[in-house]
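All heavy atoms count here, side chains included; hydrogens, waters and symmetry mates do not. Every chain is numbered from 1, with letters handed out A, B, ... down the list of sequences.
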Amino acid sequence: MVLSTIQAKLRSSNAYRRVADQFRYRRQDVSAVVPEIPMLPQLYISPFFILFAVFLLFPTVYTLYLSFFNYLGASNEILLTARIGILEITIPQIADLEFVGLSNYQRLLFEDSLFHQSLFNTSFIFFIQVPLMVGLGLATALVLDAKFIRAKGLFRTIIALPVATGLVAYSTIFLLLFNGDIGLINYTLERIGIGTISWLGDAWWARITLVIAVTWRWLGYNMIILLSGLQTVPEQLYEAAEVDGATQWQKFRFVTLPQLRPVLLFVVVSSTIGTFQIFAEPYVITGGGPSNATITIVQYIYRQAFIQLNLGYASAVSVALVVLVSVMSIIQLRYGGAE
Amino acid sequence: MRQQTKQEALWRFGGYIFLLTITALMIIPIYWMIVAATIPQSEFFSWPPRLIPGLHYFENFQALQENVDFVRSIGNSLVIAVSYTVLSLILCSMAGFAFAKYEFRFKEPLFYFILATLVLPIQLLIIPLFLLMTQVGWTNSYIAVILPWAANPLGIFLMRQNMKAIPDALLESARMDGATEFQLYYKIALPTMIPSLAALAIILFLNQWQAFLYPLVILQEEAMFTIPIALAQLVGQQRVYFDQIMVATSLGIIPIFLMFIFLQQYFIKGILSGSVKQ
């Protein structure tokens with residue numbers, strides 16, 4: 001009875017916002033609600049945590065464990081061989097393992113030039129990709145947030161549309177678009193007199209193709225997140241800035257950017273994590289080529305694990321990747337000023 | 001004053017030009033996908049490329065259906081993605097509520113620990129997960145695809161951030177009015193969280209709908225294939241069935257597109273609105 005009135009109140013979001021605003025500043029002081037039932041919070045988190053432990057934690061620890069071993073393939077049974085299209089997967093029974101200590105790590109740090117190559121490729125994509133995507137995403141979000149633009153919903157939906165295309169599908173579209181002989185891009189370039197580019201045959205162009213593909217796919221996603229962030233910036237701040245005679249740039253620099261910082265940070269960190277996990281695009285579009293110029297770390301892991309069956313070594317590379325991404329995320333969070 | 005309006009008009013003009021450019025760049029590949037889906041495979045490698053859609057959509061769909069049971073894989077994808085989304089929403093919102101609104105031992109470390117796993121690449125977990133599923137005998141089942149990612153770290157993060165915005169006093173007063181602890185969760189927290197739940201639902205559905213490598217390893221029977229796996233079959237070493245892939249893609253986009261249209265307003269409001277207020 002009373003509950004339903006509360007719910008009715010909640011439904012009018014204005015009332016809810018006012019209540020929320022009232023408590024925002026006090027929240028830090030007020031200790032969280034104390035449940036009447038002991039262990040209730042634990043009960044709430046336990047379903048999540050059980051699945052988390054079994055399917056995320058255990059495999060992670062197991063991978064860490066495997067990274068200290070070398071897989072001796074000869075006497076083992078193959079559990080699975082699958083070949084779907086261009087993908088090959090072989091998973092053996094893991095029974096015979098030879099403990100090799102840190103030598104897998106030694107190999108990937110100092111000896112394995114193909115790993116270094118994949119690290120370079122991924123970093124290259126990262127350094128172009130993330131600033132490009134975040135910058136474009138921010139610019140799009142800013143324009144879409146502006147009062148004078150009409151048909152916002154339509155623009156927003158179209159820009160977000162690529163997010164809906166699946167990995168294989170969009171990779172195939174780009175495989176076609178950037179094809180040197182029959183691709184639409186080269187056709188257009190030729191028609192306007194620039195001449196054709198060997199997109200997938202040249203190391204640098206192939207990397208750029210990947211950057212373009214990934215940007216196309218994820219721009220809308222970042223834009224939506226940034227847009228939602230922009231819409232939470234209080235209008236009064238802009239009004240106050242206008243009263244003080246601020247220019248457009250100053251409003252952006254001293255109101256929008258600081259207010260948007262947490263969301264920007266979220267976008268940067270999640271784009272970083274995403275970029276370092278790129279797999280399907282180089283697999284389908286460039287096949288890792290030409291001559292391994294676009295092989296990414298995850299693609300390398302895949303190759304080591306499922307084709308060459310170096311399960312221990314693949315695990316070590318995975319661990320290295322996790323460490324690398326964690327370190328970068330921590331740096332970004334620290335310099336981005338997260339709490 | 002006149003200066004002002006001139007500048008405004010300039011901004012407006014620039015804004016539209018920018019938006020139209022971006023929109024055009026976004027839509028060209030999709031337009032081309034539609035063209036490709038409606039022309040016969042034989043016209044694919046013609047030069048200049050075809051730019052106008054043809055009438056071969058149904059022929060291409062028939063060829064696709066003969067090649068892989070695509071109708072079946074749409075069904076598989078729907079079952080998996082929907083049940084995954086529902087399950088994960090329940091798990092994440094319950095846990096998120098506990099993390100946002102209750103005090104308990106090791107709360108902070110546990111939360112940050114969960115968060116830290118966001119950096120794990122999925123590929124890292126595939127070998128152990130596959131071995132685990134083989135041990136339990138779950139390979140080729142829906143449950144093997146659904147369960148492992150149901151405990152979604154991003155989901156719990158978004159839920160916790162957003163649920164922090166629910167005022168404690170509200171929960172207290174509901175409790176005083178005789179609400180049970182569980183009612184606090186599903187009668188107060190869940191209804192106020194509909195925008196964030198919608199945002200999370202899109203993310204989860206999208207992830208599962210497009211999941212590729214893991215389902216590829218776990219689902220080996222053709223009858224169990226999801227859309228991305230069925231698609232991968234069409235990318236051969238000798239030949240790529242472009243027309244069929246484009247038909248399949250255009251069909252695969254529809255559920256997500258519908259979701260976007262229906263949940264968009266919530267999505268914009270919901271995503272991260274809690275965390276922004278930090």
Side-chain angles (χ1 to χ4, degrees), chain A residues 2-3 6-7 10 19-20 23 30 32-33 35 37 40-41 44-45 47-48 51-52 55-56 59 62-63 79 82 84-86 89 91 140 143 146 148-149 155 158-159 162 164-169 172-173 182 184 187 225 228-229 232 262-263 273 277 280 298 301 305 318 321-322 325-326, chain B residues 12 15 18-19 22-23 26-27 29 33 45 48-49 91 94-95 98 101-104 117 119-121 123-125 127-130 134 148 150-151 165 167-168 171 174 177 179 181 187 191-192 210 212 217 220 228 231-233 235-237 245 249 252-253 256-257 268 271-273 276 278:
Chain A
V2 188
L3 257 183
I6 294 176
Q7 278 176 4
L10 279 175
V19 181
F23 281 89
V30 183
V33 182
I37 307 163
L40 183 86
Y44 277 156
I45 65 166
F48 182 95
L51 284 188
F52 178 80
F55 295 115
L56 256 155
Y62 194 71
T63 306
L79 281 179
I84 297 183
I86 51 170
I89 286 181
I91 297 181
T140 325
V143 175
F148 55 77
I149 297 287
F155 282 121
I158 293 176
I159 295 173
T165 57
L167 275 178
V168 182
T172 320
I173 297 179
I182 59 148
L184 187 62
Y187 177 70
I225 294 174
S228 74
T232 60
V263 183
I273 295 173
Q277 296 180 1
V298 172
I301 293 173
S318 306
L321 175 61
V322 169
V325 177
S326 311
Chain B
R12 184 186 302 220
F18 179 74
L19 271 187
I22 297 272
T23 315
M26 291 293 153
I27 223 161
M33 178 190 87
F45 301 100
L91 292 178
M94 267 176 79
K101 285 292 149 201
Y102 290 117
E103 220 33 83
F104 54 95
T117 58
V119 299
L120 296 174
Q123 293 77 6
L124 162 92
L125 309 174
I127 294 170
L129 276 178
F130 178 81
T134 332
D168 288 336
L171 297 178
D177 291 334
E181 289 289 336
K187 284 207 162 153
T192 52
Q210 296 168 348
F212 181 50
V217 174
Q220 292 127 38
L231 277 182
Q233 274 198 313
V235 187
Q237 245 148 357
I245 291 174
T249 314
I253 283 183
I256 300 193
F257 197 48
I268 303 289
I271 194 167
L272 285 174
S273 57
V276 179
Q278 280 304 293

Do you know which two heavy atoms are closest between [X] and [Y], and how far apart they sit?
{"X": "B:Pro128", "Y": "A:Thr63", "value": "CG-OG1, 3.6 Å"}
{"X": "A:Val143", "Y": "B:Gly15", "value": "CG1-O, 3.7 Å"}
{"X": "A:Pro41", "Y": "B:Glu103", "value": "CG-O, 4.3 Å"}
{"X": "B:Glu181", "Y": "A:Tyr44", "value": "O-OH, 3.2 Å"}
{"X": "A:Phe48", "Y": "B:Leu91", "value": "N-CD2, 3.9 Å"}

**Message:** Using a 4.5 angstrom heavy-atom cutoff, name the option from A:Thr172, A:Leu56, A:Val325 with the most pairs to chain B.
**Reply:**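 Of the options given, most contacts go to A:Thr172.
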**Item:** Euclidean distance, B:Thr23 OG1 relative to A:Ile158 CD1, rounded to 0.5 Å
**Value:**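 So the CD1 of A:Ile158 and the OG1 of B:Thr23 are separated by 5.5 Å.
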**Request:** Report the distance from atom CE of B:Met33 to atom CD1 of A:Ile173, rounding to the nearest 0.5 Å.
**Result:**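 Rounded to the nearest 0.5 Å, the CE-CD1 separation comes out at 5.5 Å.
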**Message:** Among B:Ala150, B:Pro148, B:Gly252, which residue has the highest count of heavy-atom pairs closer than 4.5 Å to chain A?
**Reply:**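 Max contact count across the listed options: B:Pro148.
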**Item:** Selection from B:Pro29, B:Pro228, B:Ala98 maximising heavy-atom pairs under 4.5 Å formed with chain A
**Value:**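 Answer, by heavy-atom pair count under 4.5 Å with chain A: B:Pro29.
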**Item:** Interface moiety of B:Ile253 toward chain A, non-hydrogen atoms closer than 4.5 Å
**Value:**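 B:Ile253 touches chain A through backbone and side-chain heavy atoms alike.
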**Item:** Side chains of A:Tyr62 and B:Leu125 in contact at under 4.5 Å (non-hydrogen atoms)
**Value:**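 No; the side chains remain at least 4.5 Å from each other.
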